[in-house]
Protein chains: 2
Amino acid sequence: MEIFLETVSALNDETRIKLLTFLDTHGALCVCDLQESFGMIQSRLSRHLKILKDGGFLRVDRCGTWAYYSIRTPLDQFRSEALAEIRCLGIELPPLIKLSETGDCKL
Amino acid sequence: MEIFLETVSALNDETRIKLLTFLDTHGALCVCDLQESFGMIQSRLSRHLKILKDGGFLRVDRCGTWAYYSIRTPLDQFRSEALAEIRCLGIELPPLIKLSETGDCKL
DNA sequence: TCATAATATCAATATATCTTGATATATTAT
DNA sequence: ATAATATATCAAGATATATTGATATTATGA
């Protein structure tokens, strides 16, 4: 019950649906990319990404100070069916602005 | 997006998961049966049942003053996969107390 | 080491959802 | 018609979740 509710509540938010769609479309992205693309502050995105990760939808790969988030594979049947539903929604996404490649994310 | 969130948020509550499981196990039941079995007040159940109905999981058949709720069939792929997940959770349910057959629900 | 960048987490506020008790509607029996 | 039952809905308070700004942590380069 716990786990199922964690999975479901991860899906129960518009921002998270958009993040899932965005990562599904563009592959692995770091928080700073999403921050720039979505125009949201970092702490908000970081929190939502954690919820999606804990819900079993995302994986995180650390590379230095960057945390690259991407759709976890393979997804189990329920999560992958959920993602399929989300793909059918035709959600409008903001353009990708990839700071981590243009050099604006320095370290 | 709207519709998907309505579907998902219907699943995002422990009471509703139990109600789904209960109806999945026992078939069509009226609100007064659920009220007695779950020991919850009527307005609370009525509200949750409406959310499950609006989320596409339940149908309602009116028979006089009774409203019989049951799992909608057929369920689409996502909802039916969700129900399959829920069946795997092994949720403990209260015993069925069927007032509508023992005559305690009079009219 | 020191400064800076990327990310995570915390505390406070804002917002949404759930629960309850009261009321409204509809159906049936007397 | 009147009374009683079943259900639905509303308004208020209780609880949970989301958002924000501030702070903490970690990694890198000068």
Side-chain angles (χ1 to χ4, degrees), chain A residues 1-2 5-19 23 28-55 58-70 97-107, chain B residues 1-2 5-19 23 28-55 58-70 97-107:
Chain A
M1 175 78 110
E2 288 285 298
L5 279 174
E6 195 174 31
T7 305
V8 164
S9 71
L11 294 171
N12 193 38
D13 181 276
E14 195 167 325
T15 299
R16 291 195 287 271
I17 301 285
K18 283 186 182 164
L19 284 173
L23 291 168
L29 294 171
C30 65
V31 182
C32 66
D33 292 332
L34 296 165
Q35 185 178 346
E36 193 67 17
S37 301
F38 280 79
M40 293 178 182
I41 64 177
Q42 178 266 326
S43 66
R44 180 176 173 186
L45 288 169
S46 203
R47 176 167 229 285
H48 282 303
L49 290 165
K50 176 175 167 47
I51 291 171
L52 283 169
K53 177 176 74 82
D54 292 348
L58 297 184
R59 60 176 291 173
V60 196
D61 295 287
R62 281 227 157 244
C63 176
T65 58
W66 284 280
Y68 283 96
Y69 286 86
S70 55
I97 302 171
K98 210 164 180 183
L99 287 190
S100 61
E101 279 189 350
T102 63
D104 287 87
C105 282
K106 305 156 190 158
L107 72 146
Chain B
M1 175 79 108
E2 290 284 298
L5 279 174
E6 195 173 32
T7 303
V8 164
S9 71
L11 294 171
N12 193 39
D13 182 275
E14 196 166 325
T15 299
R16 291 196 285 273
I17 301 286
K18 283 186 183 164
L19 285 172
L23 292 168
L29 294 171
C30 64
V31 181
C32 65
D33 292 333
L34 296 165
Q35 186 178 344
E36 194 67 18
S37 302
F38 280 81
M40 292 179 183
I41 65 177
Q42 179 265 325
S43 66
R44 180 176 171 185
L45 289 168
S46 203
R47 176 168 229 286
H48 283 303
L49 291 166
K50 177 176 167 46
I51 292 171
L52 284 168
K53 177 176 72 82
D54 293 348
L58 298 184
R59 58 177 291 174
V60 196
D61 294 286
R62 282 228 156 243
C63 176
T65 59
W66 283 282
Y68 284 97
Y69 285 86
S70 56
I97 302 172
K98 209 166 180 181
L99 287 189
S100 61
E101 279 188 352
T102 62
D104 287 87
C105 280
K106 303 156 193 157
L107 70 144

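FYI, side chains are in, hydrogens and waters are out, and symmetry mates aren't considered; it's all heavy atoms of this structure. Quick caveat, the model's predicted, so the values are computed rather than measured. Just so it is clear: chains get the letters A, B, ... in the order the sequence lines come, proteins before strands, and each one is counted from 1.
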*Kindly point out which of D/dA8, C/dC18, D/dA27 is positioned nearest to the side chain of B/Ala67?*
D/dA8
*Rounded to the Å, how far apart are A/Arg62 CZ and C/dA6 P?*
12 Å
*Return the set of residues passing side chain to side chain contact (heavy atoms under 4.5 Å, CB included) with B/Asn12 (not counting sequence neighbours), or none when no residue passes.*
A/Leu5, A/Val8, A/Ser9, A/Asn12
*Find the distance B/Leu45:CG to D/dT7:C1' and express it as a whole number of Å.*
11 Å
*Interatomic spacing from CZ in A/Arg47 to CD1 in A/Ile41 - rounded to 0.5 Å*: 12.0 Å
*Nearest-angstrom distance from the residue atom CE of B/Met40 to C1' of D/dA8*: 18 Å
*Stepwise, does the side chain to side chain contact (heavy atoms under 4.5 Å, CB included) test hold for B/Glu36 with B/Asp104?*
CA-CA 10 Å; B/Glu36 194 67 18; B/Asp104 287 87; over 6 Å; no
*asked:* Which residue is it: B/Leu49, B/Leu58, B/Leu52? I am looking for the one with a side chain to side chain contact (heavy atoms under 4.5 Å, CB included) to B/Arg16.
replied: B/Leu52
*Expressed in angstrom and rounded to an integer, what is the separation of B/His48 atom NE2 from D/dA8 atom P?*
14 Å
*asked:* Main chain of A/Ser100, side chain of A/Asp33: is a donor-acceptor contact present, judged purely on distance under 3.5 Å?
replied: yes
*Rounded to the nearest angstrom, tell me the gap between atom CG in B/Leu49 and atom P in D/dA6.*
16 Å
_Is the shortest side-chain heavy-atom distance between A/Phe38 and A/Leu19 below 4.5 Å?_
yes
*Rounded interatomic separation in angstrom, taking CD from B/Gln35 and P from D/dA8*: 11 Å
_Integer-rounded Å distance: C/dT4 P and A/Trp66 CH2_ = 17 Å
*Determine, for nucleotides 9-17 of chain D in 5'-to-3' order, which nucleotides have protein heavy atoms under 4.0 Å from the base (write B), from only the sugar-phosphate (write S), or from neither (write -).*
B--------
*What nucleotide among C/dT20, D/dT7, C/dT19 has an atom nearest to a side-chain atom of B/Cys30?*
D/dT7
*Would you indicate what B/Tyr69 reaches in the nucleic acid, counting non-hydrogen atoms under 4.0 angstrom: base, sugar-phosphate, or nothing?*
sugar-phosphate
_Integer-rounded Å distance: D/dT7 P and B/Glu36 CD_ = 12 Å
_Set out, in order, the CA-CA distance, both residues' side-chain angles and the distance that settles side chain to side chain contact (heavy atoms under 4.5 Å, CB included) for B/Ile97 and B/Ser37, then state yes or no._
CA-CA 5 Å; B/Ile97 302 172; B/Ser37 302; 4.0 Å; yes
_Assigned partner base of C/dT30, Watson-Crick or wobble definition, under 3.5 Å_ = D/dA1
